[in-house]
Amino acid sequence: MTRKAAVIPLLLLAACSKAPDQAEPAAQASSGAVAAVTAAPDSAAATAAAAPGAVKIDEDGKLFHFAFAYPAAAAGIPALKAELDGEKDKARSALVEAAKQGRTDAQGGGYDFNPYDRSIEWSVVTDLPGWLSLKAESYAFTGGAHGNSGSYALVWDKVAGRRREPLSLFVSKAAFDAAFGQPYCAALNAERSKRRERKVDPASGAEFDKCLAPSEVTVLLGSGDRAHFTRIGLIGDPYMAGSYAEGSYEVTLPVTPALIRAVKPEYRSLFAPGR
């Protein structure tokens with residue numbers, strides 16, 4: 001399995017479908033959202049209407065479970081809300097198609113079908129005057145011994161009104177890695193050693209003892225002063241930094257002068273050294 005293989009491919013599919021034949025569909029809205037739930041007689045589709053608060057959708061039935069959520073800070077930006085709603089629709093359509101095919105295969109093969117599962121939950125990393133930093137935690141089950149989880153991130157440029165990838169604020173991935181590689185490797189191996197109750201040697205040759213390049217993992221831009229990006233979160237998903245049983249590895253490091261030098265000139269004023 002490649003290192004990013006654990007990030008679920010269902011989101012990348014753009015399949016379209018009719019609503020599935022689930023039993024007792026349900027959609028639940030978070031306490032901060034105003035939700036309108038509808039379901040046609042021959043459909044299990046449940047949707048939450050646009051709301052000023054956080055949005056959370058949850059569907060459960062015999063064919064699949066689907067959940068999608070994003071916070072009020074994202075829902076309050078129309079263009080970002082539209083992007084996230086589009087992501088939700090694509091993820092759900094892909095899940096429906098995959099689950100239908102999985103059930104057909106199970107019936108043809110004479111084995112039990114277990115409902116598929118897909119969830120994506122966005123949360124705020126930090127909300128600055130001109131930028132909103134978000135992370136997503138995802139999970140998917142499409143049969144097999146267990147599901148897979150993953151993570152990804154975005155920063156929303158409020159002035160430009162567009163989504164940017166965190167690493168796009170840096171000169172290059174190589175520059176980011178050069179500035180942050182050593183401290184990240186040290187912090188990651190310290191956490192590995194703690195979980196495994198043995199010292200981890202990155203030169204051992206073992207797959208999950210090797211150092212990872214910071215640009216390989218999910219990069220989160222965080223803040224301690226609510227005015228600048230002062231810390232960086234780095235998430236190594238299962239099968240990247242360790243085995244599935246070890247879960248994900250999240251390390252948070254302060255922004256350093258060396259890292260600021262790796263930022264594109266036009267964005268350097270957004271960053272400040274952290275503690």
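In this structure, Trp156 and Leu134 have side chains that are not in contact, with every pair of non-hydrogen atoms separated by 4.5 Å or more. Proximity of Tyr249 to Arg192: side-chain heavy atoms (C-beta onward) are separated by under 4.5 Å at one or more points. The side-chain heavy atoms of Ile232 and Val255, taken from C-beta on, include a pair separated by under 4.5 Å. Between Phe208 and Val200 the shortest side-chain heavy-atom distance does not fall below 4.5 Å. At least one side-chain heavy atom of Ile260 sits less than 4.5 Å from a side-chain heavy atom of Pro273. Trp131 is not listed as a side-chain neighbour of Leu221, based on a closest heavy-atom distance of 4.5 Å or more. Side chains of Tyr152 and Ile120 form a contact here, defined as non-hydrogen atoms less than 4.5 Å apart. Residues Pro115 and Lys62 have side chains not in contact (no heavy-atom distance under 4.5 Å, counting atoms from C-beta outward).
Listed here is the closest heavy atom pair of Ile235 and Val217: O-CB, 3.1 Å. The two residues Phe141 and Gly144 come nearest to each other via the heavy atoms CE1-O, 3.6 Å. Between Asp201 and Asp209, the shortest heavy-atom contact is O-CB, 3.4 Å. Considering all non-hydrogen atoms of both residues, Lys264 and Ser168 come closest at NZ-O, 2.9 Å. Between Leu259 and Ala179, the closest heavy-atom pair is CA-CB, 3.8 Å. Pairing each heavy atom of Val55 with each of Ala75, the nearest pair is CG2-CB, 4.5 Å.
Side chain of Ser223 to main chain of Thr126: no donor-acceptor pair is present (N/O by atom type, distance under 3.5 Å, no hydrogens or angles). Between the side chain of Lys158 and the backbone N or O of Leu128, at least one donor-acceptor pair lies under 3.5 Å. Of the possible polar contacts, one joining the Asp177 side chain to the Ser215 backbone as a donor-acceptor pair under 3.5 Å is found.
Under the salt bridge (Lys or Arg N to Asp or Glu O under 4.0 Å) criterion, Arg164 pairs with Asp157, sequence neighbours left out.
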* To do: Mind running side-chain contact (heavy atoms from CB on, under 4.5 Å) on Lys88 and Ile57 for me, showing each step along the way?
  => CA-CA 9 Å; Lys88 167 183 62 66; Ile57 295 170; 3.4 Å; yes

* Begin with the C-alpha distance, continue with both residues' side-chain angles, and end with the deciding distance and a verdict on side-chain contact (heavy atoms from CB on, under 4.5 Å) for Phe64 and Arg92. => CA-CA 10 Å; Phe64 68 80; Arg92 185 185 182 280; 3.9 Å; yes

* Any chance you could lay out the side-chain contact (heavy atoms from CB on, under 4.5 Å) test for Asn189 and Cys211, step after step, and finish with the verdict? => CA-CA 8 Å; Asn189 281 333; Cys211 288; 4.0 Å; yes

* Asked: Given Arg231 and Leu220, is the side-chain contact (heavy atoms from CB on, under 4.5 Å) satisfied, shown in steps?
  -> CA-CA 8 Å; Arg231 55 193 179 212; Leu220 311 176; over 6 Å; no

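The aromatic rings of Phe68 and Tyr70 sit perpendicular, their planes meeting at an angle over 60°, well past the 30° parallel limit.
No donor-acceptor contact under 3.5 angstrom links the side chains of Asp105 and Tyr111, judged on distance only. Side-chain N/O atoms of Asp225 and Thr230 include no donor and acceptor closer than 3.5 Å.
Comment: Glu266 does not engage Arg268 in a salt bridge, judged by the lack of any side-chain N to carboxylate O separation of less than 4.0 angstrom. In this structure, Arg196 pairs ionically with Glu246, as a charged nitrogen and a carboxylate oxygen lie closer than 4.0 Å.
In this structure, Gln182 places its CD atom where only 12 or fewer heavy-atom neighbours from other residues, nucleotides or ligands lie under 6.0 Å away. Annotation for Lys199: atom NZ does not count as buried by contact number, only 12 or fewer foreign heavy atoms lying within 6.0 Å. Within 6.0 Å of atom CZ in Arg226, 12 or fewer heavy atoms from other residues, nucleotides or ligands are found, so the atom counts as exposed in its surroundings.
Linking ILVMFWY residues whenever their side-chain heavy atoms come closer than 4.5 Å, directly or via other members, leaves Val171 and Leu167 in distinct clusters.
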